[in-house]
Amino acid sequence: MTYEAKVGDGMNTKFPYTDMNLPQAIQRLPELAYNVWFSWNQDALELFAQIDRERWDQILHNPVRLLVETDPAVWESLSRDDRFLQRYEHVLKQWDHYRSEPTWFEKTYPEQLAYRIAYFSAEFGFHESLPIYSGGLGILAGDHCKSASDLGIPLTGIGLLYKKGYFNQKINTAGSQQAEDVVYDFTKLPLLPVLTDQGERLAVQVNLGDRIVTLHIWQVLVGRNSVYLLDADIEGNSPWDRELTGQLYGGNQDIRIAQEVLLGVGGVKALRALNLPTAVYHINEGHAAFQAIERIREQLENGVPFHVAVEIIRASSVFTTHTPVPAGHDAFPIPMVEYYFSTLFSRWKEHKQAWMKLGLEDSKPLFNMTHLALNTAALRNGVSKLHGQVSREMFRSFHGNIDEREVPIGHITNGVHLATWLAPELKELYDRFLPGNWQANQTNADLWRSIELIPSESLWEIHRQLKERLIRYARANLREQRRRNDLPADKVEEVRGFLSADALTIGFARRFATYKRANLIFNDLQRLDRLVNDPQRPVQFLFAGKAHPADHPGQEMIREIYRVSQMDRFRGKIVLLENYDMNLARYLVQGVDVWLNNPRRPYEASGTSGQKAALNGVINFSILDGWWEEGYDGSNGWSIDGSQEADWQMQEKENTESIYRKLEQEIVPLYYNQGKLPHQWAARMKRSIRTLAPVYNTDRMVMDYTNQTYIPTLKRILSLIADDYDAVTKVADFKQFVYANWHFVRILEVNDGANGKPSPPKITDARQPSKEVTATIRFGPIWYRDTAVELVYYEERPDGWHPVVVAMEPLKELGDRVVQYRAVIPSHLQHRAHFSVRVHPVSANFASSFELPLVTSL
Ligand SMILES: *Cc1c(COP(=O)(O)O)cnc(C)c1O
């Protein structure tokens, strides 16, 4: 067996099993099997299915296993099978074309090809055959990498390789989730071991407390790019350490922090060992925030002072936060962090406090990964418009309690990878009616208008096929559940009659975290009964999802859904499918009529499953939370209403009422109003596709990341470190100086013409009389030009009160470092009652106006 994966772009790769003597005619099959590009090319998937359809399904569509385990005689016969060869050639042609065509990035940023963006994530969901994801965060990371490849963005993924993946979910006859451990054989997954030039396993070493853990590196080829995964399960590591990459989100806090050290510190070391020129570090959620600690250490080793090192790391890091609840952020006891970094802290004793300070919480003795990430990444974002706002509110105190809207955390709304999630039958239909280059230009909303040209009959017919396919798959899933649970034969066979393609079908599938309130619809079983069992207009529900093995309330939800599904009146009409994964997700988001999502607002940072559904003409029915808050336009789906300020119980009551009412009065009637072909329903499907598909895809999302974060970060860091770190040293020194001297800054007086010393009224606009305001400020050692002096008042607009920030101009220097400023504002505004004056430090080299949490106001 030859193992040889070359470092770098991942294209000059030899494959482990090239000595398996595939016939000449199909010798490039491993190239396809070892690049998860297959997961978004329907012809490639079909090619592998054609090898052995039944086995393909049994082994969860894993082309590498198929390759390794198929009898040589089969390859011989396939190499003479014209139909197979034709498809093989066709797939290779697409593959070669894919890699050679000029990309969006090359065309848009031709001068920025020298450096790579490292993308860190604790999980990646590329395909069901590579089970290193638990839910939305991982799928998002997978979709991000896929679009980065499609767009030609030089991005390298960094993650961990879990020996047992997440877990397989089985449901027993009590409705309890059984978490089944599967131990994966890495040589049979779409992964390549990374080797050194001498042919040995490339390894990196990470200090964990007083011991050293060695990690091997595996490579996942993702189209044009690579994702590198770290593996601690190797000889030489202690048994406890070998388990560290055992399970995704498995174990206690000790394991969790150790995993995060491996990801953050080990990830940076892997980039160095791979010799990848990396300039931008994007961390997907706080799990990987320790990357900053390792990169600061590297700078120290090079003789860079600590405060300059922090500045370099900040300037080159991008942080995406995903958790809208404070309790959801990882935070570790301080002694734990001190233990895990003890080697580092004993080497650099003098910086230990400063290091720890980067992650300290304000009020509790905890080291918070989100705080670390915020302190060490200049650009930060939430994952939907609403989540951006929630994050800014949550981290206001971090930024000197400025107005929420000024907190330097933006948002880039999530999306989904179109080619991964769109049903192939629909893709063919879109191919017929949309302009030829629609997929490459999927972010162009104009082009999606042609969806309206699709005859409702054609759309409906395909939708119907997809629904039938889902129902067949769901029955097989239920039959397997019952067979395994030793139910009598008649109970196993009973599922043949479950579900109907004629009934309005509602899907609910996601992780069973309690805030997602999967059981909300069961609040009034009588009312649900009337909907489900309406003889003319029946409704049926499919549920699926895993609960984290430590989440007992989540598992109780599963039991509740199961209990309801077993009631006579709901049997075969409300079903609970087991082992939700990307495979089942595809069936569901392509096959139901309505996608239901009813989280407790604003806990759903974005949500992406509804976006997958929307692409496929499945209509969203959701709380106005996460992405749906901005995606819903009143006619491309339905909202679930309820007051947003009320307490949780009240919200729940109102949301439940809204769900039933809309189902009864709008959704069911629309679906059933025109017999077999519901024209109005199809019209709404089209509206949903055409308004949502161009926006909520990862091409748009990754372009946003590139334009708004990667390229600005790349330019900024390169200019900061040019000339032997000249600019970054100045910024760091400046910050240090400002921190030390800010307490001297004092606003001595504000004169708004109403406090005894009238300033002359100034009329600049007859309709809005205005006046001059002055502020007198003592700066101490800080140069006044290094600050911004602003007057802030609030203005009422149709959507609420907005801050208006008026820059004040220096009027005269009064000596002794005291400067008087002026501004002109509407004359009715009075100091304290209506406006305040504030001073904060600024610099052209800052990434944002509130880079430092220093604001003095009066
Ligand atoms: C898309 C997806 C998710 C995320 O679903 P949300 O509704 O956004 O939480 C979780 N699990 C799987 C398998 C998915 O495909």
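Model, not experiment: these values are computed from the prediction. Remember, it's 1-based here, ligands and their atoms both numbered in the order they're listed. Keep in mind that the numbers below use all heavy atoms, side chains included, and drop hydrogens, waters and symmetry copies.
Contacts with ligand 1 closer than 4.0 Å are made by side-chain heavy atoms of Ala585 only, the backbone lying farther away.
Remark: minimum distance from atom 11 (N) of ligand 1 to any protein heavy atom is reached at Tyr580 CE2, 3.3 Å. Counting only heavy atoms of the protein, atom 8 (O) of ligand 1 lies nearest to Thr608 N, 2.6 Å. The protein heavy atom nearest to atom 7 (O) of ligand 1 is Ser609 OG, 2.4 Å.
Judged by the 6.0 Å and 45° rule, Arg510 forms a cation-pi pair with Phe508.
Below 4.0 Å from some heavy atom of Gly607 lie the following atoms of ligand 1, by number and element: 8 (O). Every atom of ligand 1 with a heavy atom of Asp581 under 4.0 Å away is listed here by number and element: 13 (C). Less than 4.0 angstrom separates some heavy atom of Gly135 from each of these atoms of ligand 1: 10 (C), 11 (N). Per-residue contacts place Lys612 under 4.0 angstrom from the following atoms of ligand 1 (heavy atoms of the residue considered): 1 (C), 2 (C), 3 (C), 14 (C), 15 (O). Near Arg510, meaning under 4.0 Å from any of its heavy atoms, are these atoms of ligand 1: 7 (O), 9 (O).
The local environment of NZ in Lys662 is crowded, with over 12 non-hydrogen atoms from other residues, nucleotides or ligands closer than 6.0 Å. For Glu428, the CD atom is loosely surrounded, since the number of other residues' heavy atoms within 6.0 Å does not exceed 12.
The closest non-hydrogen atom to atom 9 (O) of ligand 1, taken over Lys516, Glu128, Met582, comes from Lys516. Evaluated by nearest non-hydrogen atom to atom 4 (C) of ligand 1, the leading choice among Ala513, Pro599, Gly136 is Gly136.
Close to ligand 1: Trp421, with a non-hydrogen atom less than 4.0 angstrom away.
Between Phe570 and Phe522, the ring centre distance reaches or exceeds 6.0 Å.
A donor-acceptor pair under 3.5 Å links the side-chain atoms of Glu630 to the main chain of Lys385, judged by distance alone. At least one donor-acceptor pair under 3.5 Å links the side chain of Ser147 to the backbone N or O of Asp699. Formation of a donor-acceptor pair under 3.5 Å by the Asn655 side chain with backbone atoms of Asp641 is found in this model. In this structure, Ser176 contributes its side chain and Asn172 its backbone to no donor-acceptor pair below 3.5 Å.
Considering backbone and side-chain N/O atoms, Ser134 never comes within less than 3.5 Å of an N/O atom of ligand 1.
Atom OH of Tyr34 sits about 8.5 Å away from atom CG of Leu191, to the nearest 0.5 Å.
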